[in-house]
Each structure stands twice: as structure tokens, then as C-alpha cells.
Amino acid sequence: MLAQFILRGLSELSPRLAIKAAWLYGVKGMLAVRAYKKRLARGEQYPPFIFVALTDACNLRCHGCWITRQNGGRQLSREDLEGIISAGKKQQAHFFTLLGGEPFLHPDICRVFEGHPECYFQIITNGMFFNAENVGRLRAAGNVTPLISLDGLQERNDERRGEGVFASVMEGMSKLQSAGLFFGVATTITGANADEVLSDEYVKQLIAKGAMYLWYYIYRPMSATPHLEYCLSKEKLLAVRRRLLELRRKHPILIIDSYWTASGEAFCPAALGLGYHVNPSGGIEICPALSFAKETIRDNDGELFKTINESKFLRGFSAFVKERTRGCVILEQPQQLHEYIRASGAKDYSGRDAFAELNALKPRHSHDLPGEEIPEDYWVYRFLKSQVFFGMSAMG
């Protein structure tokens, strides 16, 4: 697999973009994690990666999505974006994930990555805005990796995302492939699509369209219409874990998860302080699925390190999770999580009643599978999980 993947990179990617990705995403990402570990040793808290929701505006209405468009669509200001990036640079954190809503609906998105060539930006997008101008700017900047959301082949994907979305995404991926860009696909595994999105057919089709990595997520039911049928059983989670290991050995594409360490133990990136989520109003949230924040990026005169490092809400969440599970407390302990967040005085930024939604959830299995851990069996991924990728690298 490794040799085939390298050959794909050499033949399909722009050499300039491949080198920039290796340096900005790989090497500097590894250095960011090392700086994070040093901060931890000093008792300081600041993540090596930050999710930044540019807007809650979106052109789609996907089933089970936890984003609610408010007041015509909130947008994070250019000034706020610059403050977040500047704060990260001071802590050797040069990697930012931009999301929404749909991030390409934010008017300053291209100016952001064009203005910071020393940083690397991952853009989580629905893949419907890859026109000639946007693809040209992505290629010219060279410091962006689009991560396109897709939930299966045509029928399954469009069932969740809307008719015609799959065809539009395939067209956009063809343009990225022609431009030699390093890009990936983000797929949420649900009870409805698990077999399909973990199939050889699905992975091969993404490879044929030029995707260099496939990032799998596990569905979490946080929305006004949570679609509980999308949740995975313990047996299905074990099957997912086994299948991921099989796919990693079979196909020349990076298969990424941020749920299990190299030894197969579960972990929660947010509980480790690896990456927080800034919403379009500037609130600093635990993770994208939990739309609650106690602090904002404008507190302490914009000194983001001070705000995060001194946050009792964020530090308290880490302790809260560690006392209960290695997995996801949204799934396992929704009522206790509800009580913790409400008692902290955090504000609900969802635009709905996320407190009621969380409190109404029935406890379910998460990816924590004590006594049934399945370790990585391929040296490539053991190395990557200890050194490079988001979430994985802190667990080396």
C-alpha cells in the first residue's frame, strides 16, 4: 500500500503542492504536537489544532446536522480570524481546520489562507463550490487541503444530503484532481451507511477521483432531528474498527480516524485538549458537536492563550471525561454531560435548545471498547498515530 500511495502522489499531485503539504501539514503538524506536549508538562493548556467555524450559513440541509443557520447566517469577522491565527502562531500551532455551515460562503475564506502562507488550512466543505476561480486560488496558495463531506455512493449520499449533491461533488473532485491538489473525503459512518462507506467499491471510487485521504467520523446525534437510527451498536463499532485495519492494508489512500490510538485504546481529542471549536459568534466550544461555550475569543482583550489556558470550563471537561470513559461522553453519559455544562454556566450557541436535546438522549455505546481493543497491525499507521495526525499524535 505504501509504495502504491507514494506512486500516486508522484503521478497525481502537483510537486509544489505535495512538498508544501509534507512540510506544512506533516512536519509542522508534528512540531505543533511536540510544543503541545511541552505545554502540558508545564501545566499549560492550548491545543495544537483549532476548528474554526467561519459561518453557520449553508446551501444544504443534511439529515442529522447539528448546525442551525441563525439570523440569515452568522459569520466570524476577518479581525477575529486573524486573531485566532496569530494566537496559534505564537504557540507553534500552524494548522487550522475551517468549517461551517459551508465555509466557502464566507467572503474572506480565500483571503485568510492567502494571507498566511506559513500556515496550513484544512477546509471541511460540502464540495459544491469548486468553480474555476476557487480551484485556481487553492492551487496558487498551495497551503490548503479541501476535505469534502460525502456519506456514501450516489443513492445513499443524496438520501442524507439532497438530490444531485453526489454528482456535483464528483464534478468538483475532478477539478481538484486535474489541478493536482492534495485533498480528502470526510465520511460519517452511520447505522444506515456503514457497510457501503467501508466497502472496497467506495474507497476505490474515491481513489479514482483523486482523493489522497479518507477521514472517517462516527455519527453523534446532536440536532433538532437526531436520527437515532444512525447511531452504531457496540457490535457495529467493533466491525468498523476491524474493517478500518483491513482497508489500510488494501488501498493506496490514507485512512484516518481520530478515535483509537495505535494500541487500539479509545480517546477523545477534546478531552485531551487537542483541538477546540470556535463558533461563528466567537464562542470557544469543547468540540463541533457541542454548541456550548463559557468563554469567547474576545475575552482578555483577545489574548486567546490566556483565555483557553485559564478556562475552568475546558479544563473541567477534561477531568469530567477522564473520570468516566476513554470514549465519547455525548453517547455514553448525555445526562451527566448536560448537568456539567449547565452547572458551568456555559451558553447555548446552537440556535435551538441543545440543552434539552442533550438531556433527552439515551445512553449508547461509543468507540470505547474496554477489553476488546484492536491495535494497529500495520507499522505505517502505528508511526502516523504516534507522530503526525490530528488527535492521534498526542497518544504516542
Closest contact, heavy atoms only, Y219 versus C231: CD2-N, 4.0 Å
Between F130 and F104, ring centroids under 6.0 Å: yes
Ion pair R326/D368, N-O distance below 4.0 Å: no
Quiz item: cation-pi between K347 and Y349, 6.0 Å / 45°: yes
Check ion pair R242-E246 (N to O, under 4.0 angstrom): no
Residue pair N126, S149: steps toward the side chain to side chain donor-acceptor pair (under 3.5 Å) verdict: CA-CA 5 Å; N126 60 38; S149 296; over 6 Å; no
Sequence neighbours excluded - salt bridge (charged side-chain N to carboxylate O under 4.0 Å, His left out) pairs with any residue from residues 299-309: K306-E310
Taking every non-hydrogen atom, the tightest pair across D151 and N157: N-OD1, 2.8 Å
Partner of L361 under side-chain contact (heavy atoms from CB on, under 4.5 Å), chosen from M222, H338, R220: M222
NZ/NE/NH1/NH2 to OD/OE distance under 4.0 Å, R248 and D377: no
Beyond-backbone contact of T190 with H227, side-chain heavy atoms, under 4.5 angstrom: no
Minimum heavy-atom distance between A179 and V135, given as atom pair plus value: CB-CG1, 3.7 Å
Heavy-atom pair of closest approach, residues A211 and M173: CB-CE, 4.3 Å
Q75 side chain near H106 side chain, heavy-atom distance below 4.5 Å: yes
Pairwise distance CZ(F183) to CD1(I148) - rounded to 0.5 angstrom: 5.5 Å
Salt-bridge criterion met for D200 and K250 (N-O under 4.0 Å): yes
Closest contact, heavy atoms only, Y276 versus I284: CB-CG2, 4.2 Å
Spacing of E265 atom CD and H367 atom NE2 [to the nearest 0.5 Å]: 11.0 Å
V329 vs C268 side-chain heavy atoms within contact, under 4.5 Å: no
Beyond-backbone contact of W260 with I374, side-chain heavy atoms, under 4.5 angstrom: no
Check: F95 ring centroid to Y25 ring centroid under 6.0 Å: yes
Residue pairs, two or more places apart or on separate chains, that pass salt bridge (charged side-chain N to carboxylate O under 4.0 Å, His left out) and touch residues 165-189: E171-K175
Close side-chain approach of L54 to I109, heavy-atom, < 4.5 Å: yes
ring-ring contact (aromatic ring centres under 6.0 Å, His included) between Y36 and F49, intermediate numbers included: CA-CA 10 Å; Y36 155 81; F49 312 103; 8.6 Å; no
Steps toward side chain to side chain donor-acceptor pair (under 3.5 Å) verdict (E332, S366): CA-CA 6 Å; E332 293 186 28; S366 79; 2.5 Å; yes
Cluster link Y259 to L254, ILVMFWY, side chain under 4.5 Å: yes
Check against side-chain contact (heavy atoms from CB on, under 4.5 Å), L17 and R139: CA-CA 8 Å; L17 301 186; R139 179 181 170 86; 4.3 Å; yes
Six-ring centre of F313, R315 cation under 6.0 angstrom, axis tolerance 45°: no
NZ/NE/NH1/NH2 to OD/OE distance under 4.0 Å, E201 and K204: no
Charged tip of R161 within 45° of F166 ring normal and under 6.0 Å: no
Ring geometry between F317 and Y340 (parallel below 30°, tilted from 30 to 60°, perpendicular above 60°): tilted
Stepwise side chain to side chain donor-acceptor pair (under 3.5 Å) test for E82 and H116: CA-CA 9 Å; E82 293 295 333; H116 297 276; 2.7 Å; yes
Carboxylate-amine/guanidinium proximity below 4.0 Å for E376 and R241: yes
Residue pair K28, E118: steps toward the salt bridge (Lys or Arg N to Asp or Glu O under 4.0 Å) verdict: CA-CA 10 Å; K28 293 186 80 170; E118 74 282 16; over 6 Å; no
Same cluster (ILVMFWY, side-chain, under 4.5 Å), V169 and L147: yes
Salt bridge present between D257 and K385 (N-O < 4.0 angstrom): yes
Spacing of Y217 atom OH and S258 atom OG [to the nearest 0.5 Å]: 6.0 Å
Aromatic ring proximity, centroids under 6.0 angstrom, F182 and Y213: yes
Hphob cluster co-occupancy, I50 + L290, side-chain heavy atoms under 4.5 angstrom: yes
Hphob cluster co-occupancy, M212 + M170, side-chain heavy atoms under 4.5 angstrom: yes
Closest non-hydrogen atom pair, C58 against G101: CB-CA, 4.0 Å
L238 side, atom CG; L232 side, atom CG - distance, nearest 0.5 Å: 11.0 Å
Trace of the side chain to side chain donor-acceptor pair (under 3.5 Å) decision for Q45 with R39: CA-CA 6 Å; Q45 182 160 312; R39 287 193 293 273; over 6 Å; no
Pairwise distance NE2(H277) to CG(L99) - rounded to 0.5 angstrom: 4.5 Å
salt_bridge(R111, E114) N-O dist < 4.0 Å: no
Heavy-atom check, side chain of I256 versus side chain of L384, under 4.5 Å: no
Rounded distance [0.5 Å steps], CD in E295 versus CD1 in I308: 9.0 Å
Salt bridge present between E44 and K38 (N-O < 4.0 angstrom): no
Verdict with supporting geometry, D195 and K236, salt bridge (Lys or Arg N to Asp or Glu O under 4.0 Å): CA-CA 10 Å; D195 292 339; K236 200 66 176 180; 2.7 Å; yes
Non-hydrogen side-chain atoms of C119 and I85 separated by less than 4.5 Å: yes
Check: V185 and Y202 side chains under 4.5 Å, non-hydrogen atoms: yes
Sidechain N-carboxylate O distance under 4.0 Å for E372, K234: yes
hydrophobic_cluster_shared for I19 and L7, side chain cutoff 4.5 Å: no
